[in-house]
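Have a look at the structure below, then the notes.
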Amino acid sequence: MALFLFLFLATTLGISQGSDQDTVPHKIHLLRPQSGAAGNHVPGLSCLSWRLGVETNNVVGWITVPEECEEYVGHYMLGHQYRKDSRVVANQALLYAQSLSLARDGKDVWVFDIDETALSNLPYYAHHGFGVEPYNPTLFSKWVTEGKAPALPETLNLYKKLLSLGTKVVFLTGRPEYQRSVTANNLRKAGYHTWEKLILKGSSYSGKSAVVYKSSERKKLAMSGYKIIGNMGDQWSDLLGTDVGNRTFKVPDPMYYIS
């Protein structure tokens, strides 16, 4: 039994060290220890299963992360698994993009959401917590105006590959129009140096859902002659509705829900 435990710990440490080496050059935020990350210790609720329900859009309409799952969500987002899951999504998107025969007429576009898709707000959530308290728009707006959000490395890599394939990029975000300048500067600072359009939410969409807003803006793109060959976001509201594109790709995000 003692020998088995030793071998298990040695194997686990070896895997963890390898993962650290893989992610150090592309850190979004300092990683947390992994103890308790499985979520199965929570009485009456498997947080891992809750997260699966969120990602498959079976758990909907929730306002905050369940209190007993905040630690689990924190470990997931600041651990290696979130990055591995993001890499799978980005790799599948790239394989799809590489399989296409593009017209190269300047009208093939890929739509990216920004928050938790192109840019990561993990430094903000690591400081303020992972969703147990209701969303604080004042604090988050202050964070946005600092313009310090890093890129999600897997998305940035996909972005670069798409440009090399001749695909143009459109950023479609729920950020308000008055944050245009700071958002554009943050994108450039994070490595997103060019785009076809940067669409922010105008006052005409006040009170409208994200699905309505993003569907309307994608329809405008289509009516202008653009072909949305791909669409990537962290919320299902980024990917549902009309004119969603030829294929959609969901980036993991169990921190919040936007309808």
Side-chain angles (χ1 to χ4, degrees), residues 8 11-12 15-16 18-20 22-23 26 28-29 31-96 111-122 124-126 128-135 152-155 157-158 174 209-211 214 230-241 244-245 247-259:
F8 173 79
T11 302
T12 303
I15 293 173
S16 298
S19 299
D20 286 338
D22 290 343
T23 58
H26 303 290
I28 300 173
H29 194 275
L31 299 182
R32 278 189 176 182
Q34 294 300 292
S35 60
N40 293 325
H41 65 291
V42 177
L45 176 64
S46 167
C47 294
L48 191 154
S49 297
W50 175 83
R51 179 170 65 84
L52 176 64
V54 167
E55 296 300 349
T56 53
N57 204 33
N58 290 319
V59 178
V60 300
W62 52 280
I63 299 174
T64 61
V65 173
E67 183 176 359
E68 58 267 48
C69 292
E70 183 186 19
E71 183 180 4
Y72 167 76
V73 170
H75 282 313
Y76 171 74
M77 294 301 298
L78 295 178
H80 298 297
Q81 193 61 49
Y82 168 62
R83 293 290 304 281
K84 290 178 179 179
D85 293 347
S86 299
R87 191 172 301 123
V88 167
V89 177
N91 286 345
Q92 289 301 309
L94 179 59
L95 287 173
Y96 159 70
V111 174
F112 283 101
D113 173 53
I114 292 183
D115 292 302
E116 272 56 71
T117 301
L119 297 178
S120 171
N121 297 301
L122 273 182
Y124 170 85
Y125 288 105
H128 292 283
F130 287 88
V132 172
E133 295 297 325
Y135 170 70
L152 180 60
E154 289 71 29
T155 303
N157 182 59
L158 173 63
S209 71
V211 172
K214 295 203 168 185
N231 180 9
M232 177 176 283
D234 67 299
Q235 299 290 314
W236 279 99
S237 54
D238 299 326
L239 311 174
L240 298 175
V244 296
R247 274 198 67 177
T248 61
F249 297 88
K250 170 74 168 62
V251 179
D253 181 7
M255 295 191 296
Y256 54 82
Y257 178 88
I258 298 176
S259 61

Q: Please collect all salt bridge (Lys or Arg N to Asp or Glu O under 4.0 Å) contacts where either partner lies in residues 54-65, sequence neighbours excluded, each pair once.
A: E55-K250
Q. Looking only at heavy atoms, what is the nearest atom pair of I258 and A210, with distance?
A. CG2-CB, 3.8 Å
Return a table of donor-acceptor pairs under 3.5 angstrom between the side chains of residues 47-54 and protein atoms on other chains or two or more places apart.
| from | atom 1 | to | atom 2 | distance (Å) |
| --- | --- | --- | --- | --- |
| S49 | OG | S46 | OG | 3.2 |
| R51 | NE | Y72 | OH | 2.7 |
| R51 | NH1 | Y76 | OH | 3.4 |
| R51 | NH2 | Y72 | OH | 3.2 |

Q) Where is the tightest heavy-atom contact between V89 and P252, given as atom of each residue plus distance? A) CG2-CD, 4.2 Å
Q: Taking side chain to side chain donor-acceptor pair (under 3.5 Å) as the test, write out the residues that go with Q235, two or more places apart.
A: D253
Q. So D238 and V251, side-chain contact (heavy atoms from CB on, under 4.5 Å) or not? Walk me through it.
A. CA-CA 10 Å; D238 299 326; V251 179; over 6 Å; no
**Q.** From CA spacing to verdict: side-chain contact (heavy atoms from CB on, under 4.5 Å), M255, L122
**A.** CA-CA 10 Å; M255 295 191 296; L122 273 182; 4.2 Å; yes
**Q.** Closest contact, heavy atoms only, A90 versus L158
**A.** O-CD1, 4.0 Å
Q. Just wondering, are more than 12 heavy atoms of other shown residues or ligands nearer than 6.0 Å to CD1 in I63?
A. no
Q | Spatial distance of atom NE2 (H80) from atom NE2 (H75) [nearest 0.5 Å] | A | 12.5 Å
Q. So do N157 and R87 actually touch side chain to side chain, heavy atoms under 4.5 Å?
A. no
Q: Measure from the side-chain N and O atoms of T117 to the backbone N and O of D234, and report whether any donor-acceptor pair falls under 3.5 Å.
A: yes
(Q) Test side-chain contact (heavy atoms from CB on, under 4.5 Å) on T248 and N231; report intermediate values, then the result. (A) CA-CA 5 Å; T248 61; N231 180 9; 4.2 Å; yes
**Q.** Closest approach of A93 to M232 (non-hydrogen atoms, all atoms of both residues)
**A.** CB-CE, 3.9 Å
Q: Please check if the side chain of S120 supplies one atom and the backbone of L152 the other of a donor-acceptor pair under 3.5 Å.
A: no
Q: Write down the atom of L239, the atom of G233, and the distance for their closest heavy-atom approach.
A: CD2-N, 3.7 Å
Q) Can you check side-chain contact (heavy atoms from CB on, under 4.5 Å) on L78 and F130, steps first, answer last? A) CA-CA 11 Å; L78 295 178; F130 287 88; 3.9 Å; yes
Q.
Return the CG to CD distance between D85 and E154, rounded to the nearest 0.5 Å.
A. 10.0 Å
Q: Give, for atom OH of Y124 and atom CG of D115, the distance between the pair rounded to the nearest 0.5 Å.
A: 11.5 Å
